[in-house]
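The structure under discussion appears below in the form of structure tokens.
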Protein chains: 2
Amino acid sequence: MPVPPPSAAADRCRTVTGKVLALLAAFGPDTPALTLSELARRAGLSVPTAHRRVSELVAWGALERGPDRRLRIGLRLWEVGSLAPRGLGLREAALPFLEDLYELTHENVQFAVRDGLEVVFVERIAGRHAVPVLTRVGGRFALHATGVGLALLAHAAPEVQEQVLAAPLPAYTSKTVTDPMVLRQMLADIRRDGYAVSDGQVTLDALSVAAPIFSADGTAIAAVSLVVRADGAQPAALALAIRGAARGIARALPTLRQPC
Amino acid sequence: MPVPPPSAAADRCRTVTGKVLALLAAFGPDTPALTLSELARRAGLSVPTAHRRVSELVAWGALERGPDRRLRIGLRLWEVGSLAPRGLGLREAALPFLEDLYELTHENVQFAVRDGLEVVFVERIAGRHAVPVLTRVGGRFALHATGVGLALLAHAAPEVQEQVLAAPLPAYTSKTVTDPMVLRQMLADIRRDGYAVSDGQVTLDALSVAAPIFSADGTAIAAVSLVVRADGAQPAALALAIRGAARGIARALPTLRQPC
DNA sequence: GCCGAGTTTTCATCTGGTGAAAGACAACGT
DNA sequence: ACGTTGTCTTTCACCAGATGAAAACTCGGC
């Protein structure tokens, strides 16, 4: 079997903390359970070293051993992670509005934040009969393809936009916009209209309409979107509901930046 | 203040890994943002040591610095935590059914698993007009008080039940059952009826009806509940819907087995 | 019973971690 | 403006915890 990541994290592995983090980072959506040997290899550690660190992590609850002796992320780590203000904190405020959107449309409702040059999905309500989407809670995507990503990018700092536009833009489908000039115009339109549309840029049959959520200081800290079947979709009509939800969420935001 | 003999938290703090975990554990629902000094004190570390470990954690994304220089749990840690099979994995399977329950009733819908002798809430859909509840996603509660806790306890291994019954049972309200004999009878009733009722045992005005979710091998791995206003509630009627949802979730479960 | 992959322990070596103390910085209160 | 206070960061000499190699152990499978 091939080893997906050769050793991109070798630089950080000199310190003990780096090794612990490498162990945690070895897990992914596609590999939620690993044997000790696999884990050691992925983290770039010797087996005995991995064994020692893993023992401590298991004792604490950061990792769990299944009946098959394989290692998984533990409930305790999930618990701590759920204290992230940009994770559950935001989600908590947004959920009622996402519920409303779902109840109204029974389509996919998505909620995401920006981290670096990627969009991270914080919540996803998947309609059982709605169009299938690739996204996953906790998953990442390029900013320029998804609806939420475009909404966040359009209202991000100019430096961020330039970085994205300067880097090569990966294409997921034939309709993914990869031309920086076209993208630049799209971002301007998004700022003018107050919402973003991604038509078939992630999967050909899906269309996403997204709106940014602004915090009190005017920065776009999150975005909400509806993903519907591409044919026959009426973006402008959906945008009304989505922008309304976005405003509602903004109003319900906990004062994250309070100085105290 | 004089340097006191380090309290009970010092045993795990000898190793570097223990210190890193102590830093993470210093955060809690009531203290989601800490200064470096506070963090060091809570973790039982010297300030320079905390500073070094924290720097690495921030560089990796496990922690984040706010504009106020305070430290918070980072999005990256939330991401990794969301890979926990008993966290998001379960949630993913359950959410559509929880949605249905919510749409049907617009009351509080809760979804929880057992960890040791406590119940951990994995998902909560809070109706905006429903009765307020104390629970929080990622939060813990004693097994014997909440509806989900009772459902899980009733179908847990006998050793677990004995441990809970042997320990002192904290009371949250005047209606919290704290008599082991009464509780034992309640658990038998829950097994007979297929659902649990917690009437005012957490907050006096709330009543919770819960049903366990069984995995393929017959163990109760999670529970789902509805929390409604206590007066005028019809537990038996709600139980039908909840048991139906529980069965649906069980059917949708990914084939994963509970560790331990 | 033998084998092999995966896991755990041992041991001598040494590298990365440690606290104290001092320096740098920002935010008050007078 | 000035000193004060609290927090954050850096320095340095010392050492405790971490390390890999190799060996011992544990399981299933044949």
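We name chains A, B, ... by the order of the sequence lines, and we start the count at 1 in each one.
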Point to revise | Closest listed nucleotide, where the reference is the side chain of B:P48 and the choices are C:dA21, C:dT8, D:dG17 | key: C:dA21
Review point. Between B:R86 and B:E123, is the closest basic N to carboxylate O distance under 4.0 Å?
Key: no
Check your understanding: Would one find a side-chain N or O of A:R69 under 4.0 angstrom from OP1 or OP2 of C:dT8?
Key -> yes
Practice item. Write down the distance between CG (B:L34) and C1' (D:dC8), rounded to a whole number of angstrom. Key: 15 Å
Check your understanding: Which one, C:dT7, C:dG16, D:dT19, comes nearest to the side chain of A:R14?
Key -> C:dG16
Check your understanding: Can you tell me how far P of C:dA5 sits from CZ of A:R41, to the nearest Å?
Key -> 14 Å
Review point. Does a nitrogen or oxygen in the side chain of A:S46 sit under 4.0 Å from OP1 or OP2 of D:dA21?
Key: no
Review point. Is any side-chain nitrogen or oxygen of B:S37 closer than 4.0 Å to OP1 or OP2 of D:dG6?
Key: no
**Study point:** Closest listed nucleotide, where the reference is the side chain of A:R52 and the choices are C:dT7, C:dC11, C:dT18
**Key:** C:dC11
Review point. Between A:F111 and A:F97, does the ring centroid distance fall short of 6.0 Å?
Key: no
Exercise for review: For A:S55 and A:H51, indicate whether the former's side chain and the latter's backbone hold a donor-acceptor pair under 3.5 Å.
Suggested key: yes
Point to revise | Atom-to-atom span, CG of A:L45 to P of D:dG20 - whole angstrom | key: 8 Å
Revision key, fill the gap. Closest of D:dA18, C:dT18, D:dT9 to the B:R53 side chain is C:dT18
Check your understanding: Can you tell me how far C1' of D:dC8 sits from CZ of B:R70, to the nearest Å?
Key -> 15 Å
Exercise for review: Search all heavy atoms of A:Q161 against all heavy atoms of A:A154 and return the closest pair with its distance.
Suggested key: NE2-O, 3.1 Å
Check your understanding: For the side chain of B:H51, counting heavy atoms from C-beta on, which of D:dC8, D:dT9, D:dG17 is nearest?
Key -> D:dT9
Study note, to complete from the structure: Of the candidates D:dA18, C:dG16, D:dC8, the side chain of B:L36 sits closest to D:dC8
Practice item. Decide yes or no for A:R70 and A:L34: does some side-chain heavy atom of the first lie under 4.5 Å from some side-chain heavy atom of the second? Key: no
Practice item. Return the nearest nucleotide to the side chain of A:K19; candidates are C:dG16, D:dT19, D:dA18. Key: D:dT19
**Study point:** Atom-to-atom span, CD of A:E56 to C1' of C:dT8 - whole angstrom
**Key:** 15 Å
